[in-house]
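Just so it is clear: chains get the letters A, B, ... in the order the sequence lines come, proteins before strands, and each one is counted from 1.
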Amino acid sequence: MSATAASSAGISPARRYMRRFATHKLGMLGLAFLILVLVAALLAPWIAPFPPQRIVARALQAPSWRHWFGTDEIGRDIFSRIVWGAQISLQVVGYSVAGAAVIGATIGLVAGYVGGWIDALLMRLMDAVMAFPFLIFALAIVAILGPSVQNSALAIAIAKAPGFARIVRSEVLSLRSRQFVKAAIVAGASNTRIILRHLWPNVTGNLIIYASLSGSTALITESSLSFLGLGVRPPAPSWGYMIAIGMDRWQYWWMSVFPGLAIFLTVLAFNFVGDALRDASDSRLNLGTS
Amino acid sequence: MLKFLRFLAVRLAQMLPVLLLASMIVFALTNLLPGDPTYAILGENAGEAERAAARIRYGLDDPLPIQYLRWLTAILSGDLGRSLYRGQYVLDMLVGRIPVTIQLCLMSIALAMAIGIPAGVIAAKWRGSVADTVVSVISMASVAMPYFWAAILLIITFSLHLGWLPSSGYVPFREDPLRNLELMLLPTVTIGTAFAGLIMRQVRGAMLEVLSFDYIRTARAKGASEARVVIRHGLRNALIPVITVIGLQVGALLGGAVVVESVFSLPGLGSMMVEAIFSRDYPAIQGAVLFSVCCVLLVSVLVDVLYAVVDPRIEY
């Protein structure tokens, strides 16, 4: 630690952060895997050997050279469907985490900066949302809005927002009493300027760590919703839904094992990256997740 | 004792506003959003007159605040309404379902502690050893596994290939204890191992910290056996984070139960909720969600009480 600090004197905190992250083996492994999934999602039409919806072979064939992960109950190529499924999973994860961060950070900033009864009310509301078991809350929302990609993302975003709100609020509370913020207030800076220039940049570090750890929760929740039949609608290839179909056909293990492996490895990658980001920063954030 | 009762009263009182807000959210979820419940009550083919009659009968045309107050007063007097789908009282449905879920949760926590605490202690005691690495890998992997996938892998291995255990079904404990445990074993392992991963991590971290304290060195210097040092002096102080983690994860546990009960066809709270969602059975959804919120809040109070039991230094 002291050696790193000595050798990194004179570089920007951001560079130092990146360097420390780069020495975290599991973090880099996770990042590499997430990039792989992202590439698969973006280049699905070129990477997947077969179209995801087309029947290309006999049904329920075991894995082979032609069909790496076998074929499903009507003869679609499972590997291709997993590659296309990455699109759906990453979309839901991306939208829901971004949505949760925006909703949560706004609430946290307002509550922490304005204080008073607004703070009390907002945070009690966040407590109330947090009292709901995560998956059950998401289930209830999706059940009512109807199953779809957007609604899954929205449900997860709402359920996840309080976590972001709490982190941002506690950060803002501690920042508000710091000299540079007081100085800005004395200098007559507007509220908008204080929030955007002084508070926001200091909050983003923990926000990013929490966001990447939330990626794993979001993915597990999305696939759980799809698994229960309340997420992405078939025939769209969603990892969770593919497992649900495989569930009725135990003998054909490849139908549920490979999509599950995709979820498992991606979740693991999100956790590795999140842990590495936290270790690389000086944050003492205790999230209790992952 | 008086102090304790006062603490308990204050803590329960603090819970009330959150519970009230949560009840509003539950009510809003099922009433503000689109979807005409009369379709669920009467089916697709009912005429408009029948629908209107049903709306009056269930008070669906009243202003929402009125509906909310009526709903809340009813709930406070123990009336959670009738299932729109089965006509059964929601309270009766819950009473029938809850024991299954509680048994599943308790068995899972017990298994998780039985695996997680020793594994965490071993990893901390021999830090950097092969055992430590193995524990770390297992804990990371078990946390990243979605419940439904773990359940399926267990079924494929232990039911399908080895034929040791049944893959689904339920028998009440009172009717046939052995059969009940047999059927509950795989669901318990599914949730319990995931939970064990979390506990291992917490115990390892807490033990590492505790074992570096001076009083541990003092205990060793006084000639206490290593087992006594680790268990009596170390573990006891490392248990607080374990309680915290179990308390914080009750929600995750109930969420896991939803999925696991569906996979193993256990007639618990979780599968009741999934069935209710598919049949748009609003009162049943509300009842199940509300019950799970109460569980989470009550456990958080229980955790505060447990702190004091484990650590006599903590006062109220």
May I ask you to name which of [options] has the most heavy-atom pairs under 4.5 Å with chain A?
options: Ala141(B), Ser23(B), Pro17(B), Ala252(B); value: Ala141(B)
options: Ile25(B), Leu19(B), Leu297(B); value: Ile25(B)
options: Leu253(B), Ile155(B), Val250(B), Val258(B); value: Ile155(B)
options: Ser262(B), Ser139(B), Ser292(B), Cys294(B); value: Ser292(B)

I want to check something: taking the side chain as every heavy atom from C-beta on, are [X] and [Y] in contact at a cut-off of under 4.5 Å?
X: Leu72(B); Y: Phe27(B); result: no
X: Asp127(A); Y: Arg166(A); result: yes
X: Leu261(A); Y: Trp149(B); result: yes
X: Ser216(A); Y: Phe272(A); result: no

Between [X] and chain A, with a heavy-atom cut-off of 4.5 Å, which part of the residue counts as in contact: side chain, backbone, both or neither?
X: Met273(B); value: side chain
X: Tyr147(B); value: neither
X: Val293(B); value: both
X: Leu153(B); value: side chain
X: Ala276(B); value: neither

Contacting region of [X] [heavy-atom separation from chain B under 4.5 Å]:
X: Phe137(A); result: side chain
X: Phe227(A); result: side chain
X: Leu26(A); result: side chain

* To do: State the CH2-CD1 distance between Trp254(A) and Ile78(A), to the nearest 0.5 angstrom.
  => 8.0 Å
* Structure fact -> In this structure, CD of Gln91(A) is separated from OG of Ser96(A) (nearest 0.5 Å) by 11.0 Å
Can you tell me which of [options] forms the most heavy-atom pairs within a distance under 4.5 Å of chain B?
options: Ile136(A), Leu228(A), Leu135(A); value: Ile136(A)
options: Leu268(A), Ile220(A), Leu265(A); value: Leu268(A)
options: Ala244(A), Ala131(A), Pro259(A); value: Ala131(A)

* Is the shortest distance from a Lys or Arg side-chain nitrogen in Arg97(B) or Glu275(B) to a carboxylate oxygen in the other one below 4.0 Å? -> yes
